[in-house]
Protein chains: 2
Amino acid sequence: MTKNDPLQIQDFLPYLLNRAAETTSLDFQKTYKDRYGMLRTEWRVLFHLGRYGGLTAKQICSMADLHKTKVSRAVSALERQRFLVRTEVPTDRRNELLSLTKQGQAAFDHLQQEATRYNENLLTTFTAEEQEILRRCLKKMARIP
Amino acid sequence: MTKNDPLQIQDFLPYLLNRAAETTSLDFQKTYKDRYGMLRTEWRVLFHLGRYGGLTAKQICSMADLHKTKVSRAVSALERQRFLVRTEVPTDRRNELLSLTKQGQAAFDHLQQEATRYNENLLTTFTAEEQEILRRCLKKMARIP
DNA sequence: CATTGATAGTTACAAATGCAACAAATACCG
DNA sequence: CGGTATTTGTTGCATTTGTAACTATCAATG
């Protein structure tokens, strides 16, 4: 690709990233949508709570780079389905500590396994070096430290 | 990462891909949203038309991996803003050939330049080898031939 | 050609999202 | 203290999206 060739769409990274993200997300969605009735954001919140334990909505917002309204609604949905509970933090009653119920933990355990399997399966087509580079480049573009 | 370590969220590719896709898409959106009043799908359709000339909605669907309703609405919006026109195909009046107006072509020319610049800027942090691997891995995951 | 089936594209309705305004609690500062 | 500003989280409303049903045209088959 010389500098003056017109840009191919498949070389435009936001486009490529969106397509890869959609393809893989829709694939993996099969794992949780029907069985647990979760949306993508809910799965993402569940994953954070399962992986990192009790968190406040604010913490999830910044860790997952999600807007607070999206998190607020995902938390409500997960609460409604009894996957998590809120507990007041007495020292600052603006915060609510979110933690998984037994049922939420079970769902997380299962989905984490599936996620691991999906991920490993996806990565098998790449060499170790490619995996390493891919991860590093994606993190940089997503501005994840 | 040994096989039995729990999966880190930042190593789960659908998650990483979504974050990178959102970050870069929102960045680049600054270029077209205010100035041309386009949404992401509309920019995507415009890009395809500008890059590959007259196409039918169906062709755009399969090339861009977009659902036909999304394309239909994007086309209507682009038409309303006089970025494209539809012309009947006499041999099969179900098809409509979509082509850019002068104004649409001008917007495309400008945005393609911006896209190239944005892309090159994003890629400068990577080595040539990394760029190559990144592109290849993303295409494979997006199932782009 | 008449009937049935397929294809291109649109539309109606429900669900999800983004944005701004909001309420409640706390922090800051005279 | 008392008032203003910040922070955490929710809600209302407009916009966008997904799904399914729909229209219009064409193809295939008897």
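Just so we're on the same page: letters track the sequence lines, and every chain starts at 1.
- The distance between the ring centers of A/H48 and A/F108 does not fall below 6.0 angstrom.
- Clustering of Ile, Leu, Val, Met, Phe, Trp and Tyr by side-chain heavy atoms under 4.5 Å joins A/I133 with B/I133.
- Taking atom CZ on A/R86 and atom P on D/dT8, their separation rounds to 16 Å, with Å as the unit.
- Rounded to whole angstrom, the span from the CD atom of A/E88 across to the P atom of D/dT10 amounts to 12 Å.
- Computed from coordinates, the A/E79 CD to D/dT10 P distance equals 9 Å when rounded to whole Å.
- Of the options B/Q105, B/Q113, B/Q112, a side chain to side chain donor-acceptor pair (under 3.5 Å) to B/D109 is made by B/Q105 and by none of the others.
- In this structure, CG of A/L66 is placed 16 Å from C1' of D/dT8, rounded to the nearest angstrom.
- The nearest heavy atom of DNA chain D to B/R93 and to A/N95 marks one nucleotide each, and the one closer to the 5' end goes with A/N95.
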Using the 3.5 Å cut-off, write out each protein N or O paired with an N or O of nucleotides 11-17 of chain D and the distance between them.
unit_1 : atom_1 : unit_2 : atom_2 : d
D/dG12 : O6     : A/R73  : NH2    : 2.7

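- Remark: B/E130 engages A/R136 in a salt bridge, criterion side-chain N to carboxylate O under 4.0 Å.
- Annotation: A/W43 is in aromatic contact with A/F28 [ring centroid separation under 6.0 Å].
- B/E88 places no side-chain N or O within 3.5 Å of a backbone atom of B/L97 that could act as its donor or acceptor partner.
- Remark: C1' of C/dA16 and NE2 of A/H67 are 15 Å apart, rounded to the nearest angstrom.
- Residue A/K68 places no side-chain N or O under 4.0 Å from the OP1 or OP2 atom of D/dG9.
- Toward the 5′ end of DNA chain C lies the nearest nucleotide of B/A57, the other residue of the pair B/A57 and A/D92 mapping further downstream.
- Nearest to the side chain of A/T56, among C/dG9, D/dG9, C/dA25, sits D/dG9.
- Of all nucleotides listed (C/dG9, D/dT10, D/dT19), D/dT19 comes nearest to the side chain of A/K33.
- Using a 4.0 Å cut-off, no side-chain N or O of B/R94 falls inside it from OP1 or OP2 of C/dT10.
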